[in-house]
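Values in this document were obtained by computation on a predicted structure and should not be read as measured data. Residue numbering restarts at 1 for every chain, and letters A, B, ... go by the order of the sequence lines.
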Amino acid sequence: MNKLPLQKDRLTREFYARPTEIVARELLGKCLVRRTNRQWVGGIIVETEAYLADGDPASHSARGKTRSNASMFMDAGTLYVYPIHAKYCMNAVTEGPGRGSAVLIRAIQPQWGIQQMQSNRQTQDLKRLTRGPAMLCQALAVDRGDDGINLTTDRNILIAQPRSPSPATDVYATPRIGISKAIDERLRFFYRGNSFVSGPKRDHR
DNA sequence: ACAACGATACCCT
DNA sequence: GGGTATCGTTGTT
């Protein structure tokens, strides 16, 4: 049983202030936890996607800064939450202020507060709790009100190093899911063989 | 004011 | 694998 991450193990701004593909890959295996209804809920990140600042037509930042994507242009370590299809998805902003790059967190492996997440999601099925970006946000009770939060300082949500070393796991890189542009770029990263990953689980070669 | 469109998920076959 | 509910955002009248 993994222990809840400590505040001191929280990822710092420096972690996020690096090239987005690197951050996306290295976020795998980190703990994402959130305090909701006076409990900590969350798990281990197993699937991410990079959305780049430059030359990425699939990125929300591609047509510049607007009211709705403004937090994507804030400092590294900012939480960017956007609405889609009457649901929400969450990203960690990367690189630095004014860049417009972020990592979409697509799936976690449930670890903490599973009962609360089951309640938030209205399902008992562990596999359908956090497998996909909108499922994940619902399980963690993250919505547009959390947009713009600073992940490196916020009291109620954080991403941290795991307290016990996790076993080495192969990372696969494939095209991103659900987009129609830049479908050749391999900017989706996930843990090989992990059943909490959404979408295709084969390597794209 | 209105229409089109998603970085989705669910419910089928 | 395909159809669609659902709603905020954006672009077009």
Q: C:dT10, C:dC7, B:dA7: which one has an atom nearest the side-chain heavy atoms of A:Ser59?
A: B:dA7
Q: For A:Ile84 and C:dA5, what is the distance between atoms CD1 and C1' respectively, to the nearest whole Å?
A: 14 Å
Q: Does a nitrogen or oxygen in the side chain of A:Ser68 sit under 4.0 Å from OP1 or OP2 of C:dT10?
A: yes
Q: Checking the side chain of A:Arg10 only, and the main-chain atoms of A:Ala160 only, is there a donor and an acceptor separated by less than 3.5 Å?
A: no
Q: Without decimals, in angstroms, what is the distance between A:Tyr51 OH and B:dG6 P?
A: 13 Å
Q: Return the value, rounded to whole Å, for the distance between atom CG of A:Leu52 and atom P of B:dA7.
A: 15 Å
Q: Distance check: side-chain N/O of A:Arg106 vs OP1/OP2 of B:dT8, anything under 4.0 Å?
A: yes
Q: Can you tell me if A:Thr130 uses its side chain to pair, donor with acceptor, with the backbone of A:Ile108 under 3.5 Å?
A: yes
Q: Please confirm whether the backbone N or O of A:Arg131 pairs with a side-chain atom of A:Arg106, one donor and one acceptor, at under 3.5 Å?
A: no
Q: Okay, side chain of A:Asp146, backbone of A:Asp143: is any donor-acceptor separation there less than 3.5 Å?
A: yes
Q: Regarding A:Lys127 and the six-membered ring of A:Phe196, is the cationic atom NZ or CZ under 6.0 Å from the ring centre and inside 45° of its axis?
A: yes
Q: Distance check needed: B:dC10 C1' versus A:Leu129 CG, whole Å only.
A: 16 Å
Q: With heavy atoms under 4.0 Å as the rule, sort A:Ser180 into base, sugar-phosphate or nothing.
A: nothing
Q: Is any NZ, NE, NH1 or NH2 atom of the basic residue among A:Glu47 and A:Arg188 found under 4.0 Å from an Asp or Glu carboxylate oxygen of the other?
A: yes
Q: Between A:Arg144 and A:Lys87, name the one whose nearest nucleotide on DNA chain C is closer to the 5' end.
A: A:Lys87
Q: In whole angstrom, give the distance that lies between atom CZ of A:Arg67 and atom P of C:dG8.
A: 14 Å
Q: Are the ring of A:Tyr82 and the base ring of B:dA7 both nearer than 5.5 Å at their centres and tilted by less than 30°?
A: no
Q: Would you tell me if any nitrogen or oxygen in the side chain of A:His85 comes within less than 4.0 Å of OP1 or OP2 on C:dA5?
A: no
Q: Which one, C:dT10, B:dC10, B:dA9, comes nearest to the side chain of A:Arg128?
A: B:dC10
Q: Hey, could you give me the OG1/CG distance between A:Thr152 and A:Leu79, rounded to the nearest 0.5 Å?
A: 11.5 Å
Q: Mind checking A:Ile179 for me? I need base, sugar-phosphate or nothing, with any heavy atom below 4.0 Å counting as a touch.
A: sugar-phosphate
Q: Any idea which of C:dG11, C:dG8, B:dA7 is nearest the A:Pro83 side chain?
A: C:dG8
Q: Which residues, ordered by chain and number, are linked to A:Leu52 in its hydrophobic cluster, where ILVMFWY side chains connect at heavy-atom gaps below 4.5 Å, directly or through other members?
A: A:Leu187
Q: If you look at every strand shown and take non-hydrogen atoms under 4.0 Å, does A:Ala58 touch a base, only sugar-phosphate, or nothing?
A: base
Q: In whole angstroms, how far is the C1' atom of B:dA7 from the CG atom of A:Leu136?
A: 13 Å
Q: Let's test your reading of the pairing rules: Watson-Crick or G-U wobble, both distances under 3.5 Å, then write DNA chain C as a dot-bracket string with ( ), [ ], | and dots.
A: |||||.||||||.
Q: Compare the minimum distances between each of C:dT10, B:dC10, B:dT8 and the side chain of A:Cys89, then state the nucleotide with the smallest one.
A: B:dT8
